[in-house]
2 protein chains.
Amino acid sequence: MTRAPQKRRLETRAKLLEVAKAIVQEQGYSGLRVEDVVARAGVAKGTLFSHFKDKDGLLAVLIGDEVMRLLDGMEAGDPPQDADELTARLAPHLDYVGQDRVIFDLLLRYSGTTAAEPDEVVTAGFIRQVTLLTRWLQVLQTAGQIRQDQQPELLAEGIQAFLNHVLGVWFCMEHDDETPPARALAPYLQAWLQPAP
Amino acid sequence: MTRAPQKRRLETRAKLLEVAKAIVQEQGYSGLRVEDVVARAGVAKGTLFSHFKDKDGLLAVLIGDEVMRLLDGMEAGDPPQDADELTARLAPHLDYVGQDRVIFDLLLRYSGTTAAEPDEVVTAGFIRQVTLLTRWLQVLQTAGQIRQDQQPELLAEGIQAFLNHVLGVWFCMEHDDETPPARALAPYLQAWLQPAP
DNA sequence: TAGCTAAGTTGACCGCGGTCACTTTATTGA
DNA sequence: TCAATAAAGTGACCGCGGTCAACTTAGCTA
């Protein structure tokens, strides 16, 4: 059987995460180097990889935490009253993911399915997001604010698709003066959720 | 001014592409190593990087070619008569991209925008796909087969979003016995294109 | 044909993620 | 208290993409 981890191990893991967070703070996600993390944490490289499957595994924890924090903010308060309000609620998430390609890539790679076991932080966050969206959509359907001819689950996954779409487009251009993802999302959601007249 | 490339250069480039194609044939896209390519082509590593910006640049040519071939097949024949037929026409593309994550990643990274200059094969293929879709959708709208309350361009980009979505989900699970992307696409397109009653 | 210049090519070198046989440290049981 | 055993950590090493100053070759001119 598997024993409980020793205190030393927990401390090492915490130290690694703390250092990684600090580096991300200073240099952004794309500036994170494994060698820097272990150097500043005062451990060997192998140690990091005994705590996290690979670099993505470390990033997943950092990013997953942030996504969870964003979801907390999303969930707070009443559900959105209409499609526009729903769109607005998604803006913080788009802003966060839109800030660095690394985030987008990681989320896309590890969170595309609702089916997987939720041992990973990212997958858990993903499931939570879809669940929340589904709940909101159900409310909006009942209120007659959006189309009722489709399952809320399908509508929720469609929203996921549009979120990723606008982010993908966003990262494909030198985004200096272009429309930010949050703004680009509106027409898609409007067309997707529009009540069948 | 820039001179025309010498014959030797064109031969080297052709050789590199030929070898790369062969390796992909044998080992798949994810099995492609730059060192293998240059070894079998009988040139130095630096040469490859003087012909292609990076490994992705090489892959872009290979994949872009294939996408173009698929588009040729798509364009042949009459435009689809209804939404289901349109969905079916997209299946070869989904099958191709779904075969290897490398293809998906590359297409997603370099082809998300209609706006960029079409010097890249991938971007050109992307533009061609959106254009073709838009044309088809216009025909379907005129025929009253699909909703008419949205611009065909927006509908086309939405389809792009759903294509990527089902592919993303596809790559997030051990796809052994799961529903292939081409099948997963149908409900989304059905809901997206459904004529407003 | 010698000499010059730009085009084309080279391969040693680097950065960085990831591995694994080994050492060190903690825990357990007699 | 002292092996025996498992957990934790180490760092030399590897694979692979990408760089760049130096070298070779082709084309031009006098």
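Owing to the predicted nature of the structure, the values given are computational and were not obtained by experimental measurement. First the proteins, then the strands, lettered A, B, ... as listed; each starts at 1.
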In this structure, which one of A:Val166, A:Leu185, A:Leu70 forms a side chain to side chain contact (heavy atoms under 4.5 Å, CB included) with A:Leu90?
->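 Of the listed residues A:Val166, A:Leu185, A:Leu70, the side chain to side chain contact (heavy atoms under 4.5 Å, CB included) partner of A:Leu90 is A:Leu185.
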Distance in angstrom units between [X] [atom1] and [N] [atom2], rounded:
X	N	atom1	atom2	value
A:Lys53	C:dT19	NZ	C1'	13 Å
A:Asp36	C:dG18	CG	P	14 Å
A:Leu16	D:dA8	CG	C1'	12 Å
A:Arg13	D:dG9	CZ	C1'	16 Å

Quick one: do A:Lys21 and A:Glu18 make a salt bridge, cutoff under 4.0 Å?
->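 Salt bridge between A:Lys21 and A:Glu18, a charged N being under 4.0 Å from a carboxylate O: no.
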How are the rings of A:Tyr29 and A:Tyr96 set relative to one another: parallel (under 30°), tilted (30 to 60°) or perpendicular (over 60°)?
->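 If you compare the ring of A:Tyr29 with that of A:Tyr96, the planes turn out perpendicular.
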In terms of the angle between their ring planes, are A:Tyr188 and A:His165 parallel, tilted or perpendicular, with boundaries placed at 30° and 60°?
->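 Because their plane-to-plane angle is over 60°, the rings of A:Tyr188 and A:His165 count as perpendicular.
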Take B:Glu66 and B:Arg69 through the salt bridge (Lys or Arg N to Asp or Glu O under 4.0 Å) test and state the conclusion after the steps.
-> CA-CA 5 Å; B:Glu66 204 53 42; B:Arg69 197 188 322 280; 3.5 Å; yes
Excluding sequence neighbours, so at least two apart, what forms ring-ring contact (aromatic ring centres under 6.0 Å, His included) with B:Phe52?
->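 B:Phe52 satisfies ring-ring contact (aromatic ring centres under 6.0 Å, His included) with no other residue.
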Reading nucleotides 8-16 of chain C from 5' to 3' and marking B where a protein heavy atom lies under 4.0 Å of the base, S where only the sugar-phosphate is that close, and - otherwise, the string is SSBB----S
